[in-house]
Each structure stands twice: as C-alpha cells, then as structure tokens.
Amino acid sequence: MPRVKNGIVPESVWTGRIASRFVMQLAVLGFFASTLMAQRYEVINQENPEVSYRGLAFITNSGFVVSGSRNTIGRSTDGGRTFQWIQAAAYTGRDFRDIEVLGDLHYAAVAVDRPGLIIETRDGGATWQEVFYKDTAGIFLNALFKTVSGDLYAVGDPVSEGRPYVLKNNREITALFNHPLRRLHPGEAFFAASGSNLYVDDSLALLVSGGKASVLYSYSHQGVQAYPLEKGAGETAGINGMYYDPVRNKGLLLGGDFNEPGLQKGNFFRFSVRQGALVFHPSRTVPTGYKTDAVMVDDQTLIVCGYSGVEISRDGGDSWQIITRDSYNTCAISPDGKTVLLAGSAGKIGKISL
C-alpha cells in the first residue's frame with residue numbers, strides 16, 4: 001500500500017498506476033489487433049514468368065484452376081504446392097482471359113480477341129472441346145459466370161451497336177429477364193481485367209461497363225435500370241471488376257485507369273439491392289490506385305487486388321491496410337473462407353491464409 005499523507009495518495013503513485021494500466025491496456029489492444037490482422041501472404045508459384053493470369057476459380061478448398069496468356073491453363077489439387085499444366089496444344093498463342101469450374105473435372109475457359117472461343121474439358125484437362133467459336137469483326141469475349149443453377153454466361157465488347165455481346169450456355173442472347181440488353185454510351189466497353197463484370201441469379205443480373213463511360217446495369221423481372229458511374233479520361237479507365245454477395249446483399253465495384261495505376265478516382269464503389277433498386281454507399285476512404293478484383297471474407301472484411309497491390313479492409317471498406325505491393329489481376333476466396341488466392345502478371349500466383 002502506498003503511504004497516505006492527509007488522506008491523499010502522492011501524485012507519483014497515481015502516475016505510476018495510470019502508466020501501468022495504460023501499458024496493460026496497450027498490450028491488450030495490441031493482442032487483439034495482432035489477432036485481427038493475422039493473415040499470412042506468400043507467393044506460391046511463378047513457374048511461367050512470361051504469362052499474365054486473369055482467370056482463377058476454386059474446385060475445392062484446396063483445389064483450383066488458373067488461366068492466362070500464351071495458352072496457359074493450370075490446375076492444383078494440393079493448395080498450390082504442385083501444378084499440372086493442362087492447356088490444349090491446339091490453341092498456342094491464345095489468351096484465356098477467364099476460367100470457370102462447372103464440376104470436379106469439368107472446366108470452361110474463354111479466349112479473348114478474334115475468333116471468339118470457349119473451350120471445355122470434362123476430364124480435368126486431358127482433352128478439350130470447342131463449345132463456342134465465332135469469327136466476326138469486333139468480337140472480344142472477356143468473362144465467364146456460372147450461376148447456382150448451372151447456367152454458364154459469357155460477356156464481351158459490343159459487336160452490334162447498342163448492347164454488349166452476351167452468351168448463355170454458349171448461345172448469343174439479346175435480353176436478360178426478357179428486357180433488351182443496353183448500352184447507354186458509345187464509349188462503353190465490357191472488358192473485365194479479372195473476369196468479373198457479370199453476375200446472374202434467378203431474379204437479378206448485374207453487368208458493369210468501363211472505358212470512356214462506366215455504367216452499372218441491373219436487370220430483373222421488374223425491368224432494367226442503369227446507374228452511371230464516374231466517366232474516365234479514356235478507353236483504359238472505368239470499372240474493370242465486380243463482386244456481389246447475394247447472401248450478404250453487398251456489392252463492390254473496382255477500377256481506375258489502366259494507364260495511370262496510381263490514380264484513385266473512380267476505383268471503388270459499394271452498393272446493395274433494395275426493393276429491386278441499387279443503393280450506393282460512400283466510403284470514407286478508398287484503396288490505393290488501380291484495382292481489378294475483390295472478395296468478401298465476412299460482413300466487414302474485404303480484400304481487393306490490382307496493379308497497385310493487395311489491400312484489406314476490416315470495416316466494410318471505410319479504411320484500408322496494405323498486405324503487399326505485389327501486382328495481381330484477380331483473386332478468389334475458397335469455399336470454406338480460409339484462403340484467398342491471387343493471380344497476376346509475371347506468372348505470379350499468391351495466397352493469403354486467413
């Protein structure tokens with residue numbers, strides 16, 4: 001017990017106690033902070049340094065496929081410790097911009113540029129078959145999306161003026177939910193740096209454009225609505241990727257300017273769906289620079305990637321911390337939510353263990 005003089009504990013004793021408690025509080029806060037920030041990042045493969053990967057999809061919690069330039073398609077069944085390179089030799093030089101898992105051994109990959117091409121394997125890559133081929137001017141397919149019910153959609157830049165080029169189960173369609181496909185501005189393109197500019201379920205379809213103008217389109221049984229976003233300075237600007245979680249009813253849009261990857265303008269938007277309309281939610285801050293893809297770990301934890309690196313937010317997108325400055329084009333989260341995979345240029349495949 002400290003000595004008491006006239007019923008008052010000396011100031012030095014109180015100061016010591018306060019300091020001691022403050023140190024303890026900092027230690028407790030530090031413990032919780034370190035626990036919250038506990039994620040491990042590592043590069044798990046760079047066997048193909050001349051390849052740029054933009055396609056990525058999980059098969060199981062430890063199995064996944066990647067696709068990219070130079071006719072490169074790979075599969076790992078052990079969390080990335082080993083890879084099988086399963087591309088078909090007949091497509092030398094093609095850039096397989098996106099890949100989707102349709103079953104344990106059943107995958108589809110889409111090639112950009114002319115001719116438009118989608119190939120499928122039903123035996124894990126031992127053999128491949130063309131399921132879509134179209135040699136027409138202007139065709140440039142970018143992204144694939146598999147619905148919960150098993151339908152496969154593809155989207156690409158406009159071939160006919162006024163609408164994007166959309167396929168359902170390898171056949172061209174001109175409407176979603178019986179409402180004609182639209183394009184508000186002639187400067188809109190439907191490219192996707194990460195194969196993620198399309199979402200479809202039984203009651204909603206979302207399609208986002210980029211380029212000289214960016215617009216988020218919402219299709220439903222009730223109609224179609226268009227939500228203009230920030231206009232870019234040129235064809236390399238705008239939205240490049242989208243992530244929508246229908247269970248949490250939270251959506252993210254990613255972009256910026258490919259030619260100016262340090263700019264933050266127009267690189268991040270949050271939205272939700274309310275009574276058939278989209279509602280946008282401003283963020284206090286946005287990630288650093290050009291971003292192309294995102295995943296949602298839980299209600300508040302977001303991870304985004306792009307040329308300017310990989311960042312995490314633990315408050316739903318209001319503040320951000322850098323995980324790595326390494327450049328990645330696309331990311332995906334495992335079914336159990338414990339792993340985020342990343343794929344990008346220079347043949348780099350990374351992993352974040354949560």
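Positions are given from 1, in the same order as the sequence printed here.
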Assess, by modelled atom type and distance only, whether the side chains of S308 and K291 contain a donor and an acceptor separated by less than 3.5 Å.
yes

May I ask whether V110 and V112 are part of the same hydrophobic cluster, defined by side-chain heavy atoms of I, L, V, M, F, W, Y residues being less than 4.5 angstrom apart, directly or through others?
no

Partners meeting side chain to side chain donor-acceptor pair (under 3.5 Å) with R182 (sequence neighbours left out):
none

Counting only heavy atoms from other residues, nucleotides and ligands, does the tally under 6.0 Å from CG of D123 exceed 12?
yes

Could you report the tightest heavy-atom contact between Y328 and V310, atom names first, then the distance?
CD1-CG2, 3.7 Å

Taken to the nearest 0.5 Å, the spacing of E311 CD from L302 CG works out to 11.5 Å

Could you go through L102 and R122, starting from their C-alpha distance and side-chain angles, then the distance that decides it, and tell me whether this counts as side-chain contact (heavy atoms from CB on, under 4.5 Å)?
CA-CA 9 Å; L102 308 178; R122 294 177 179 270; over 6 Å; no

With sequence neighbours left out, the residues meeting side-chain contact (heavy atoms from CB on, under 4.5 Å) with N249 are Y244, S272, V273

Heavy atoms only: give me the nearest Y53-N329 pair and the separation to one decimal.
O-ND2, 2.9 Å

State whether the side chain of N197 and the backbone N or O of G241 hold a donor-acceptor pair below 3.5 Å, judged by distance alone.
no

Do the side-chain N and O atoms of R270 and S283 include a donor-acceptor pair separated by under 3.5 angstrom?
yes

Which atom pair, heavy atoms only, marks the closest approach of N267 to Q264?
OD1-O, 2.8 Å

Give, for atom CG of D95 and atom OG of S69, the distance between the pair rounded to the nearest 0.5 Å.
5.5 Å

All side chain to side chain donor-acceptor pair (under 3.5 Å) counterparts of N170, not counting sequence neighbours
none

For T330, enumerate each residue passing the side-chain contact (heavy atoms from CB on, under 4.5 Å) test, keeping only those at least two apart in sequence or located in another chain.
L56, S194, D293, A343

Aromatic plane relationship, F280 with Y227 - under 30° parallel, 30 to 60° tilted, over 60° perpendicular:
tilted

Do V215 and H185 have side-chain heavy atoms sitting under 4.5 Å apart?
yes

Please check if V66 and I86 belong to a single hydrophobic cluster, counting links between Ile, Leu, Val, Met, Phe, Trp and Tyr side chain heavy atoms closer than 4.5 Å.
no

Who are the ring-ring contact (aromatic ring centres under 6.0 Å, His included) partners of F64, not counting sequence neighbours?
F83

Yes or no on side-chain contact (heavy atoms from CB on, under 4.5 Å) for I173 and L167, after CA distance, side-chain angles and deciding distance?
CA-CA 6 Å; I173 61 173; L167 303 174; over 6 Å; no

R54 side chain vs A193 backbone, donor-acceptor pair below 3.5 Å
yes

Between R75 and Q84: side-chain donor-acceptor atoms closer than 3.5 Å:
yes

Side-chain donor-acceptor pairs under 3.5 Å in residues 145-155, sequence neighbours left out?
{"unit_1": "K146", "atom_1": "NZ", "unit_2": "V101", "atom_2": "O", "d": "3.3"}
{"unit_1": "T147", "atom_1": "OG1", "unit_2": "S149", "atom_2": "N", "d": "3.4"}
{"unit_1": "T147", "atom_1": "OG1", "unit_2": "S149", "atom_2": "OG", "d": "3.0"}
{"unit_1": "T147", "atom_1": "OG1", "unit_2": "G150", "atom_2": "N", "d": "3.3"}
{"unit_1": "T147", "atom_1": "OG1", "unit_2": "D151", "atom_2": "N", "d": "3.0"}
{"unit_1": "D151", "atom_1": "OD1", "unit_2": "N169", "atom_2": "ND2", "d": "3.0"}

Donor-acceptor pairs under 3.5 angstrom involving side-chain atoms of residues 131-143: please list them, not counting sequence neighbours.
{"unit_1": "D135", "atom_1": "OD1", "unit_2": "R114", "atom_2": "NE", "d": "2.5"}
{"unit_1": "N142", "atom_1": "ND2", "unit_2": "F140", "atom_2": "O", "d": "3.3"}
{"unit_1": "N142", "atom_1": "ND2", "unit_2": "F190", "atom_2": "O", "d": "3.2"}

Could I get the full list of side-chain contact (heavy atoms from CB on, under 4.5 Å) partners for V297, not counting sequence neighbours?
T301, I303, I333, L354

Not counting sequence neighbours, which residues clear side-chain contact (heavy atoms from CB on, under 4.5 Å) with D78? List them please.
S76, R81, T82

Closest non-hydrogen atom pair, S203 against S220
O-CB, 3.5 Å

Rounded to the nearest 0.5 Å, what separation is found between the CD atom of E188 and the CD1 atom of I239?
12.0 Å

Can you list the residues that meet the ring-ring contact (aromatic ring centres under 6.0 Å, His included) rule with Y217, with sequence neighbours excluded?
none

Measure the shortest side-chain to side-chain distance between W85 and T72 over non-hydrogen atoms and say whether it is less than 4.5 angstrom.
yes

Between L254 and F268, does a side-chain contact (heavy atoms from CB on, under 4.5 Å) hold up when you go through it step by step?
CA-CA 5 Å; L254 294 306; F268 180 76; 3.8 Å; yes

Between G276 and S218, what is the shortest heavy-atom contact and its length?
O-OG, 4.3 Å

Closest heavy-atom pair, F58 versus T60, reported as atoms and distance to 0.1 Å, is CD2-O, 3.1 Å

I want to check something: taking the side chain as every heavy atom from C-beta on, are F96 and I119 in contact at a cut-off of under 4.5 Å?
yes

Report yes or no: does N48 contribute a side-chain atom to a donor-acceptor pair with the main-chain N or O of E50 at less than 3.5 Å?
no

I'd like to check the side chain to side chain donor-acceptor pair (under 3.5 Å) partners of E172; sequence neighbours left out, ordered by chain and number.
R163

Here the gap from S209 atom OG to L184 atom CG, rounded to the nearest 0.5 Å, amounts to 8.0 Å

Taking side chain as C-beta onward, heavy atoms only, is N240 less than 4.5 Å from Y290?
yes

Side chains of L216 and Q225, heavy atoms from C-beta outward: is any pair under 4.5 Å?
no

Side-chain heavy-atom pair P164, D157 within 4.5 angstrom cut-off:
no

Can you confirm whether S327 sits close enough to S345 that some side-chain heavy atom of one is under 4.5 Å from a side-chain heavy atom of the other?
yes

For residues Y107 and W128, establish whether the separation of their ring centroids is below 6.0 Å.
no

I'd like to know whether D326 forms a side-chain contact (heavy atoms from CB on, under 4.5 Å) with K348, so could you lay out the CA-CA distance, the side-chain angles of the two residues, the decisive distance to 0.1 Å, and finally the verdict.
CA-CA 9 Å; D326 290 354; K348 188 176 292 183; 3.6 Å; yes

Determine whether F258 and Y307 satisfy the following criterion, ring-ring contact (aromatic ring centres under 6.0 Å, His included), listing intermediate values before the conclusion.
CA-CA 8 Å; F258 177 86; Y307 282 8; 5.4 Å; yes

Can you find a pair of side-chain heavy atoms, one from T339 and one from K351, that are under 4.5 Å apart?
yes

When you measure from the side chain of Q87 to the backbone of I73, do you find a donor-acceptor pair of N or O atoms at a distance under 3.5 Å?
yes

Please report the interatomic distance CH2(W320) to OG1(T288), rounded to the nearest 0.5 Å.
10.0 Å

Who passes side chain to side chain donor-acceptor pair (under 3.5 Å) against N71, sequence neighbours left out?
none

With rounding to the nearest 0.5 Å, note down the distance linking CG in D318 to NE2 in H281.
11.5 Å

Measure from the ring center of H221 to the ring center of F177 and say whether it is less than 6.0 Å.
yes

Neighbour count >12 (heavy atoms, 6.0 Å) for atom CG, N178:
no

If two hydrophobic side chains count as joined below 4.5 Å and joins carry through other members, does I59 share a cluster with L341?
no

